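Just so you know, residue 1 is the first one in the sequence shown, and it goes up from there. Please read these numbers as outputs of a predicted model, since none were measured by experiment.
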Amino acid sequence: MIAVLKPSATGEQIENLTAWLEGRGLAVHLSKGESYTVLGLIGDVARLDTELLEGLDIVDSVKRISDPFKSANRKFHPSDSIIEVGNLKIGGPHFQIMAGPCSVETPEQISQIAQGVNASGASILRGGAFKPRTSPYDFQGLRADGIELLLEAKRQTGMPIVTEIMNANHLPMFDEVDIIQVGARNMQNFELLKELGSIRKPVLLKRGLASTLKELLMSAEYIMAGGNHNIILCERGIRTFETFTRNTLDISAIPALKELSHLPVVVDPSHACGIARFVLPMAMAAAAAGAHGLMIEVHNDPKAALCDGAQSLTPEQFAHVAENVRRIREVEAL
């Protein structure tokens with residue numbers, strides 16, 4: 001349920017109403033727009049006297065929300081959420097590119113890539129330390145050592161880092177990580193999502209291989225229910241009957257998610273396509289469709305990569321993609 005307050009509502013009146021609602025066992029989420037203030041009410045609203053609430057001088061209207069996702073719902077939070085990552089912002093008019101290798105391999109590799117993508121337009125360094133692989137015999141990542149190498153690259157370049165978590169027990173290793181990524185395979189690992197709700201660090205939540213947008217938003221809701229509202233949604237392609245590409249990139253998910261939710265939406269064209277030469281057109285399409293950012297895999301020697309070399313760009317190719325995306329965004333802004 002949401003209560004839309006009148007523009008004339010004072011700060012003291014809002015505080016008193018919030019305290020009254022919380023006294024009835026409801027969680028209250030405050031969202032201030034240019035003209036109206038919206039109170040999102042979460043809990044057993046069936047026991048709330050809506051006629052009494054609507055009759056208050058400062059209340060303009062009361063509406064029930066039928067969608068199962070509440071905190072992630074744009075009706076609860078009409079304006080775009082802006083997620084802060086260090087000195088950077090993601091969401092609304094703010095656009096960021098995350099780039100780096102699928103897997104951290106050596107100190108030289110991650111340092112070289114970090115400096116290359118930073119010089120070419122990336123603002124956030126991505127890199128896998130823990131790698132979920134389909135085969136148990138494939139390279140699984142350097143784990144804690146990989147995080148240390150990412151942190152060293154961060155010290156060298158000043159770039160915030162994003163890397164994937166596999167298990168809630170690993171959270172202490174992520175104390176200095178700027179954005180914690182939840183991969184597609186863990187999108188519905190609800191116990192992990194609950195743990196991430198107890199921290200206030202930004203979470204990049206990837207859409208599952210065969211998940212609907214509603215299911216993605218419900219996974220975001222799990223994190224937000226714990227109090228962590230710093231969530232970035234990521235469209236990374238879904239599994240369809242098509243086998244030419246690794247997955248099918250759902251470009252329509254970008255405007256759909258932006259209509260349903262206030263959370264930022266970024267796109268991972270590398271995992272969506274699985275083919276390096278398709279990353280450029282898909283990245284441009286995502287930017288044109290209104291994405292708030294991109295996540296692109298870059299490797300200094302893709303043919304020798306221990307993981308996902310076929311979809312990785314060289315630093316030079318990435319520079320070309322970043323420049324074209326910049327031009328697309330300039331056109332979009334006209």
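A side chain to side chain contact (heavy atoms under 4.5 Å, CB included) with V325 holds for exactly one of I296, L294, L280; it is L294. Shown are I199, V162, L192; of these, the side chain to side chain contact (heavy atoms under 4.5 Å, CB included) with I180 is made only by I199.
Of the N and O atoms on the side chains of Q115 and S111, at least one donor lies less than 3.5 Å from an acceptor on the other residue. Side chains of H271 and D268: a donor-acceptor N/O pair is present below 3.5 angstrom, by distance only.
Here the OG atom belonging to S198 is positioned 7.0 Å from the CG atom belonging to L171, to the nearest 0.5 angstrom. Here CZ of R200 is found 8.0 Å from CG of N230. Values are rounded to the nearest 0.5 Å.
By the neighbour-count criterion of 12 heavy atoms within 6.0 Å, atom CD of E242 is densely surrounded, having more than that number from other residues, nucleotides or ligands. Counting non-hydrogen atoms of neighbouring residues, nucleotides and ligands closer than 6.0 angstrom, the CG atom of D175 exceeds 12 such neighbours. In this structure, E176 places its CD atom where only 12 or fewer heavy-atom neighbours from other residues, nucleotides or ligands lie under 6.0 Å away.
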query: So L257 and L217, side chain to side chain contact (heavy atoms under 4.5 Å, CB included) or not? Walk me through it.
result: CA-CA 9 Å; L257 286 171; L217 291 172; 4.1 Å; yes
message: Set out, in order, the CA-CA distance, both residues' side-chain angles and the distance that settles salt bridge (Lys or Arg N to Asp or Glu O under 4.0 Å) for D178 and K154, then state yes or no.
response: CA-CA 10 Å; D178 299 282; K154 174 183 176 179; 3.0 Å; yes
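Cluster partners of I275, using a side-chain heavy-atom cutoff of under 4.5 Å among ILVMFWY residues and allowing indirect links, are F244, F278.
Salt-bridge check for K206 with E164: failed, with every basic side-chain N at 4.0 Å or more from each acidic carboxylate O. Between K258 and D80 there is no salt bridge, since none of the side-chain N atoms of the basic residue sits less than 4.0 Å from a carboxylate O of the acidic one. A salt bridge does not link R236 to D250: none of the charged side-chain nitrogens sits closer than 4.0 Å to a carboxylate oxygen.
L306 pairs by the side chain to side chain contact (heavy atoms under 4.5 Å, CB included) definition with E105, F139, not counting sequence neighbours. Residues passing the salt bridge (charged side-chain N to carboxylate O under 4.0 Å, His left out) test with E152, sequence neighbours excluded: R155. Remark: F69 pairs with no residue by the ring pair (Phe, Tyr, Trp, His ring centres under 6.0 Å) rule, at least two apart or across chains. For the side chain to side chain contact (heavy atoms under 4.5 Å, CB included) test, residues two or more places apart in sequence or in another chain that qualify with M224 are S71, A72, H229, I231, H262, L263. Among residues two or more places apart in sequence or in another chain, the side chain to side chain contact (heavy atoms under 4.5 Å, CB included) test is passed with P68 by K214, M218. Every side chain to side chain donor-acceptor pair (under 3.5 Å) that R326 has, sequence neighbours left out, goes to E323, E330. Taking the side chain to side chain contact (heavy atoms under 4.5 Å, CB included) definition, one finds that N118 meets it with T157, M159, sequence neighbours left out.
Applying the ring pair (Phe, Tyr, Trp, His ring centres under 6.0 Å) test to pairs two or more places apart or on separate chains, those with a residue in residues 186-224 are F190-Y222.
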List, one per line, each side-chain donor-acceptor pair under 3.5 Å for residues 85-102, sequence neighbours excluded.
residue : atom : partner : partner atom : Å
Q96     : OE1  : S123    : OG           : 2.5
Q96     : NE2  : K89     : O            : 2.9

Let me have the donor-acceptor pairs involving side chains of residues 38-48, under 3.5 Å, with sequence neighbours excluded, atom names and distances please.
residue : atom : partner : partner atom : Å
D44     : OD1  : A46     : N            : 3.4
D44     : OD2  : R47     : NE           : 3.2

Can you give me every donor-acceptor pair (side chain of residues 15-27, partner residue at least two apart or in another chain, under 3.5 Å) with its distance?
residue : atom : partner : partner atom : Å
N16     : ND2  : E12     : O            : 3.3
T18     : OG1  : I14     : O            : 2.8
R24     : NH1  : W20     : O            : 3.1

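The shortest side-chain heavy-atom distance between M1 and V62 falls under the 4.5 Å cut-off.
The nearest pair of heavy atoms linking R74 to S261 is NH2-O, 3.0 Å.
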